[in-house]
Amino acid sequence: MVSELQRGAEISQSKQWESRPPSFLQANPDAAMYIQAYAKERLKDLDSKLILDYLHETLIPKMMIDENITNKKKFLKKYGLTKLCPRTVINWLHALGFRYEEHRKNFYVDNHEDPATVRYRWKFVSRYLLMEKRSHRWIQIKKSEMLHLSKQYPVLLQVGCEYVNKETDVEMVEYHVDTIPEFQTRMENVKFGGNLSVRIPPGVKPIIIIGQDEVIFKQYLFRMRRWQHGQTRAAMPKDDGAGVMVSGFKMPGNLASASTCPKMT
């Protein structure tokens, strides 16, 4: 009876904080988003101390620098706070949609389209495109050849980096090897699958980009439906059983040979 009353009080308080978020979260929507993302990534070990440490050691110092405030008490007072304690953090977690409940069976939902994940994805793409300029992913052709190929591939007129070969004084164009299929065919026997860019700064070391992913095969993988006769059905294991992970690597060009490609385990 007591536990039910306590649970009802907690639910009521959670709804209250959702309808009237704390002033700190209202005034700092970005900080609220950071706290929420930090907590969601650590649900397995989440507690008030974890968030308190994050606030004191990471988030608040950064906010103080941004707001040009050197005194923490002065910073907290700005938002009507005298200190941060576990009860305050718990209230903030409730306001951000978190619940402290009994563990029960559930299902997994991937976070591929979470706002924080999408933002990180775009940042990663920007970094990747910069790294590619230092990779063997380029091909250089004469401009006259480009004009000839453009009759079949008009996209060549819209992309590419034009330059003049200083040694031969010939007009050239540089393209990514994936621009058209013919470039990939030409470079498939090149060791790294392409040339370095003519735009790479002198003295900068090249980069070899290696992709990696894995998949897990469980011992007992069953369909959601299965045959039975009347009320007679097969006894099924209670868990998924042992798992085997297969890890694969993707390397540029023909760099990954039978002797260099990591073994799958």
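For the single chain, residues carry numbers from 1 onward in sequence order. Note that this is a predicted model, so its numbers are computed, not measured.
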Taking it one step at a time, do Tyr120 and Asp114 satisfy side-chain contact (heavy atoms from CB on, under 4.5 Å)? CA-CA 10 Å; Tyr120 173 81; Asp114 274 6; over 6 Å; no
Would Asn91 and Arg87 count as a side-chain contact (heavy atoms from CB on, under 4.5 Å) if you check the C-alpha gap in whole Å, the side-chain angles of each, and the deciding distance to 0.1 Å? CA-CA 6 Å; Asn91 292 338; Arg87 183 69 258 178; 3.2 Å; yes
What verdict does the side-chain contact (heavy atoms from CB on, under 4.5 Å) test give for Lys143 and Glu162, after you've listed the backbone C-alpha separation in whole Å, the side-chain angles of each residue and the deciding distance to 0.1 Å? CA-CA 8 Å; Lys143 186 174 181 179; Glu162 296 188 15; 3.4 Å; yes
Ring of Trp138, cation from Arg199 - is the NZ or CZ under 6.0 Å from the centre and inside 45° of the axis? yes
Considering all heavy atoms, the nearest [X]-[Y] contact:
X      : Y      : answer
Gln36  : Phe98  : O-CZ, 3.7 Å
Ser48  : Ile90  : CB-CG1, 4.2 Å
Leu157 : Ser150 : CG-CB, 3.7 Å
Leu93  : Ala39  : CD2-CB, 4.3 Å
Gly243 : Lys218 : CA-CD, 4.1 Å
Ala95  : Leu25  : CB-CD1, 4.0 Å

Determine, for [X] against [Y], whether the closest basic-nitrogen to carboxylate-oxygen distance falls under 4.0 angstrom.
X      : Y      : value
Glu145 : Arg186 : yes
Lys142 : Glu171 : no
Lys250 : Asp213 : no

Measure the acute angle between the ring planes of Tyr79 and Phe75, then classify it against the limits of 30° and 60° as parallel, tilted or perpendicular. perpendicular
Check for me, please, whether [X] and [Y] land in the same ILVMFWY cluster - side-chain distances under 4.5 Å, paths through other members count.
X      : Y      : answer
Phe183 : Val198 : no
Met187 : Ile200 : no
Ile35  : Leu50  : yes
Ile51  : Met64  : yes
Ile209 : Val125 : no

Quick one, [X] and [Y] - any side-chain contact, counting heavy atoms below 4.5 Å?
X      : Y      : result
Tyr54  : Tyr34  : yes
Glu174 : Ile139 : no
Asp53  : Thr58  : no
Pro181 : Tyr153 : yes
Ile141 : Leu149 : yes
Glu132 : His176 : yes
Ser135 : Ile208 : no
Thr82  : Leu76  : no

May I ask you to check whether Glu182 and Gln184 show a side-chain donor-acceptor distance below 3.5 Å? no
Is it the case that the side chains of Lys72 and His56 hold a donor-acceptor pair, with the cut-off being a distance below 3.5 Å and no angle test? yes
To the nearest 0.5 Å, tell me how far [X] [atom1] sits from [Y] [atom2].
X      : Y      : atom1 : atom2 : result
Ile60  : Lys62  : CD1   : NZ    : 13.0 Å
Ile180 : Leu156 : CD1   : CG    : 4.5 Å
Met33  : Asn28  : CE    : CG    : 11.5 Å
Asn71  : Lys78  : CG    : NZ    : 13.5 Å
Met172 : Cys161 : CE    : SG    : 11.5 Å
Leu55  : Tyr38  : CG    : OH    : 9.5 Å

Please answer whether the main-chain N or O of Val246 pairs with a side-chain N or O of Glu214 as donor and acceptor at a distance below 3.5 Å. no
Between Gln140 and Leu196 (side chain of the first, backbone of the second, donor and acceptor by atom type, cut-off under 3.5 Å), is there such a pair? yes
Could you give me the CA-CA distance, side-chain angles and deciding distance for Val173 and Tyr175, then say whether side-chain contact (heavy atoms from CB on, under 4.5 Å) is met? CA-CA 7 Å; Val173 188; Tyr175 291 101; 3.3 Å; yes
